[in-house]
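Here's the structure we're looking at; comments come further down.
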Amino acid sequence: MTSPLSRSRSRRVPSQIAVRVAHAVLGGLVAMGWLLLPLARAGADAPAAASRNTRAGAPAAATATAQDATSTGDLVPPLVAAGAAGAVAAYGYGRRRRRATTRTTPGGDPGLTPLPELDRQTRRLLVETDDCVRVGAEELALAADRSAGDAVEPYVYDLRHAEAGLAAAFRLRQSLDEAEAAGAGPDPAGDEDDRRDVLEEIVARCQDAGQRLDAAAPGFDQIRALERNAAAALESAETRFREAAARTRAAEATIAGLHQRYAPAASLPVAGDAEQAKDRLLFTTSHLNQARQYADRGDGAKAAAHLRAAEGALAQAFDLVDGVDRLAGELASAAAGLPAAIAAAEAARDAAMALPPDVRAGLVGPLGHAESLLSAVRHETAAGPHDPLDALRRVTEAAAAPAGAGGANVPEGRGNTLLPARSALAGAACFIGTHRGAVGSEARTRLAEARRLLGPGPVPLSAVLRADGLAREARRLAERDVRAYGNPSGGRGGAGAGGAVLGGILLSDGEGGPMSYGGPRTRGRRGAFFT
């Protein structure tokens with residue numbers, strides 16, 4: 001469900017100017033009609049009066065009355081048109097004057113947030129809400145393992161509501177970014193109102209999602225009951241820790257095998273994941289020990305805070321080793337499916353070559369590009385170790401080129417065509433999730449758009465290629481943010497603390513504690529017990 005404010009804003013965003021003009025014109029017409037109503041009635045009554053006068057033997061008077069009525073009726077359409085034009089002109093003048101005032105008066109309209117500040121606010125809210133949704137999903141999974149399914153169902157519903165609002169907010173942000181990139185952003189003549197409406201809609205959707213999770217947080221704490229069930233939760237976390245440690249050792253061996261089997265670029269997305277998983281496990285060990293100590297002393301609140309921090313680090317350790325295993329499987333699938341994909345792309349090229357000459361003439365460029373891509377892939381695969389996912393990506397691009405095939409859906413049974421894009425999406429999602437303390441809104445926005453494009457149902461090849469590009473851009477932007485982040489430990493000590501802040505497990509904005517299920521107001525509620 002969306003709030004009434006969100007729904008009303010959402011409907012207003014695409015056509016606010018048109019609606020305002022329509023309201024102004026309608027108001028002008030109603031006012032003009034009200035003023036002219038007596039004249040119109042007089043014009044309608046005049047023929048009847050003339051008829052009575054004629055029967056009474058006054059033909060001259062009747063003729064004069066009829067002429068007056070006709071003259072009055074003829075004035076109505078021009079007056080109405082003039083009133084409508086005046087209303088539109090008045091609206092336009094008022095809008096221009098308001099824009100001039102906000103643009104030239106120092107500080108603009110004191111009742112409006114300046115656009116640059118509003119833009120920064122949306123970016124901050126997108127990041128906060130995305131973090132809250134990610135952590136909410138993580139905590140719900142843990143709660144579901146220890147609670148009856150119907151107990152967590154209301155909180156699943158709240159999280160789905162927040163996810164839907166966040167997805168809509170990311171879509172709006174992406175539309176703004178695309179408009180600016182295309183040179184269609186706000187111009188000096190004044191599209192600021194439209195941009196402001198979109199930014200305010202993003203704010204409204206993020207705030208609605210955050211408030212929903214904030215409201216659910218107290219009830220969720222009763223379901224989780226970490227303070228009351230610390231012993232059972234600790235035992236579960238320690239079991240999962242041993243599993244994660246074993247899988248981290250296996251991930252190291254997997255990465256070494258990928259180095260031997262494929263070109264160096266193939267395993268680059270997970271090159272440091274095993275080391276990062278070790279760092280998260282180091283943090284987990286420290287805080288599981290502290291949680292055990294506080295539990296033994298009967299301090300359930302502090303035990304719960306340290307346990308929650310350990311659980312967050314464990315979740316990221318699993319994400320990192322899962323990513324290694326996933327990439328290994330994707331590379332093997334891409335290598336196995338590459339010959340069939342090349343054959344399909346060649347068949348599409350040959351079909352395009354068989355088209356009538358006048359049609360084929362318009363495909364010279366795309367066909368040449370497709371052949372260049374296929375030739376490069378054939379050469380690389382014959383030369384030795386290569387990156388199967390990148391090769392499959394280029395073959396997919398080659399298949400989309402001939403005969404405008406970019407608009408066709410991915411054929412049934414051709415799952416390998418989607419593999420590079422889905423791999424890039426999963427890799428970017430893992431990197432952003434395990435570095436979310438440093439990653440800004442731009443990378444998250446691209447990730448959300450790539451996820452939307454690769455949603456359920458048939459996917460056009462053009463959408464596959466675009467989603468693949470967006471996912472890789474999201475990864476690049478996220479890596480840029482991490483490089484610029486600086487010291488992630490925030491000056492705090494403790495084993496693995498830097499990685500925990502970088503991963504968003506510990507908040508770095510003064511709240512200090514571990515993130516928990518909830519919105520921006522409640523996500524750091526355990527920080528008071530975290531020492």
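Throughout, numbering of the chain's residues begins at 1 and tracks the sequence. Hydrogens, waters and symmetry mates are skipped; everything else that's a heavy atom, side chains included, is used.
Among all heavy-atom pairs drawn from Ser333 and Leu419, the shortest one is CB-CD2, 3.8 Å. Scanning both residues, Ala400 and Leu465, for their nearest heavy atoms gives CB-CD1, 3.8 Å. For the residue pair Thr248 and Ala274, the shortest heavy atom distance occurs at CG2-O, 3.7 Å. Closest of all the heavy-atom pairs between Ala230 and Ala303 is CB-CB, 4.5 Å. Closest heavy-atom contact between Pro514 and Ala305: CG-O, 3.3 Å. Nearest heavy atoms, Leu213 versus Thr522: O-OG1, 4.4 Å.
Atom-to-atom distance recorded for Cys430:SG and Arg475:CZ is 8.0 Å, nearest 0.5 angstrom. Taking CZ of Phe170 as the reference point, atom CZ of Arg446 lies at 10.5 Å (rounded to 0.5 Å). With rounding to the nearest 0.5 Å, the separation of CD in Gln290 from CG in Asp299 is 12.0 Å. Rounding to the nearest 0.5 Å places CD of Glu117 at 13.0 Å from CG of Leu112. Taking CZ of Arg134 as the reference point, atom CD of Gln316 lies at 9.5 Å (rounded to 0.5 Å). Once rounded to the nearest 0.5 Å, the distance linking CG of Leu470 with CZ of Arg452 reads 9.5 Å.
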TODO: Kindly determine whether Gln121 and Glu200 satisfy side chain to side chain contact (heavy atoms under 4.5 Å, CB included), including the steps that lead there.
DONE: CA-CA 10 Å; Gln121 184 183 3; Glu200 287 178 348; over 6 Å; no
- [ ] Quick one: do Glu128 and Cys206 satisfy side chain to side chain contact (heavy atoms under 4.5 Å, CB included)? Show the steps, please.
- [x] CA-CA 9 Å; Glu128 283 185 353; Cys206 289; over 6 Å; no
Open item on the list: Pair Leu320, Val270 - check side chain to side chain contact (heavy atoms under 4.5 Å, CB included), show working.
Closed with: CA-CA 8 Å; Leu320 289 162; Val270 297; over 6 Å; no
Task: Intermediate values then yes/no, salt bridge (charged side-chain N to carboxylate O under 4.0 Å, His left out), Arg195 and Glu180 - done: CA-CA 11 Å; Arg195 180 177 177 82; Glu180 290 184 10; 2.5 Å; yes
- [ ] Might you work through the salt bridge (charged side-chain N to carboxylate O under 4.0 Å, His left out) test for Arg476 and Glu479, ending with a clear yes or no?
- [x] CA-CA 5 Å; Arg476 179 184 63 79; Glu479 289 175 346; over 6 Å; no
TODO: Give the C-alpha distance, both sets of side-chain angles, the deciding distance and a yes or no for side chain to side chain contact (heavy atoms under 4.5 Å, CB included) between Glu275 and Lys278.
DONE: CA-CA 5 Å; Glu275 293 303 316; Lys278 288 181 181 179; 3.6 Å; yes
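Relative ring orientation between Phe283 and His287 is described as tilted, the plane-to-plane angle lying within the 30° to 60° band. In this structure, Tyr517 and Tyr155 have perpendicular ring planes: the angle between them is above 60°, well past the 30° mark.
Looking only at atom types and distance, the side chain of Arg173 has a donor-acceptor partner in the side chain of Thr122 under 3.5 Å away. Residues Glu178 and Gln174 have side chains that bring a donor and an acceptor to within less than 3.5 angstrom of each other.
Looking only at side-chain heavy atoms (C-beta outward), Glu442 and Asp481 stay at 4.5 Å or farther from each other. Annotation: side chain of Val127 is not in contact with side chain of Arg436 (no heavy-atom distance under 4.5 Å). Taking the side chain as every heavy atom from C-beta outward, Gln293 and Asp296 never approach each other to under 4.5 Å. Side-chain contact between Arg240 and Asp145: absent, with no pair of heavy atoms (C-beta onward) separated by less than 4.5 Å. Using a 4.5 Å cut-off on side-chain heavy atoms (C-beta onward), Leu199 and Leu172 make no contact. Between Asp387 and Leu331, some side-chain heavy-atom pair lies under the 4.5 Å cut-off. Inter-residue side-chain proximity for Val203 and Leu118 is flagged as met; some heavy-atom pair is nearer than 4.5 Å. In this structure, Leu314 and Leu281 have side chains that are in contact, with non-hydrogen atoms separated by less than 4.5 Å.
Around the CZ atom of Phe241, the shell of radius 6.0 Å holds more than 12 heavy atoms that belong to other residues, nucleotides or ligands.
Using modelled atom types, one side-chain atom of Thr239 and one backbone atom of Glu235 make a donor-acceptor pair closer than 3.5 Å. Remark: side-chain polar atoms of Arg422 are not paired, donor with acceptor, to backbone N or O of Glu330 under 3.5 angstrom. Formation of a donor-acceptor pair under 3.5 Å by the Arg171 side chain with backbone atoms of Ala448 is not found in this model. The main-chain N or O of Thr113 is found under 3.5 Å from a side-chain atom of Arg196 such that the two form a donor-acceptor pair.
Classification of Arg205 and Asp208 as a salt-bridged pair fails, no side-chain N sitting under 4.0 Å from a carboxylate O. Note on Arg146 versus Glu311: salt bridge recorded, some NZ/NE/NH1/NH2 to OD/OE distance being below 4.0 Å. A salt bridge links Arg444 with Asp131; the closest basic N to acidic carboxylate O contact falls under 4.0 Å. For Arg472 and Asp468, the salt-bridge test passes: some basic side-chain N is under 4.0 Å from an acidic carboxylate O. Ion pairing between Arg308 and Glu138 holds under the 4.0 Å rule for side-chain N and carboxylate O. Glu163 and Arg160 are joined by a salt bridge, as a carboxylate oxygen and a charged side-chain nitrogen come within less than 4.0 angstrom of each other.
Partner of Thr285 under the side chain to side chain contact (heavy atoms under 4.5 Å, CB included) criterion, chosen from Asn289, Leu282, Leu288: Asn289.
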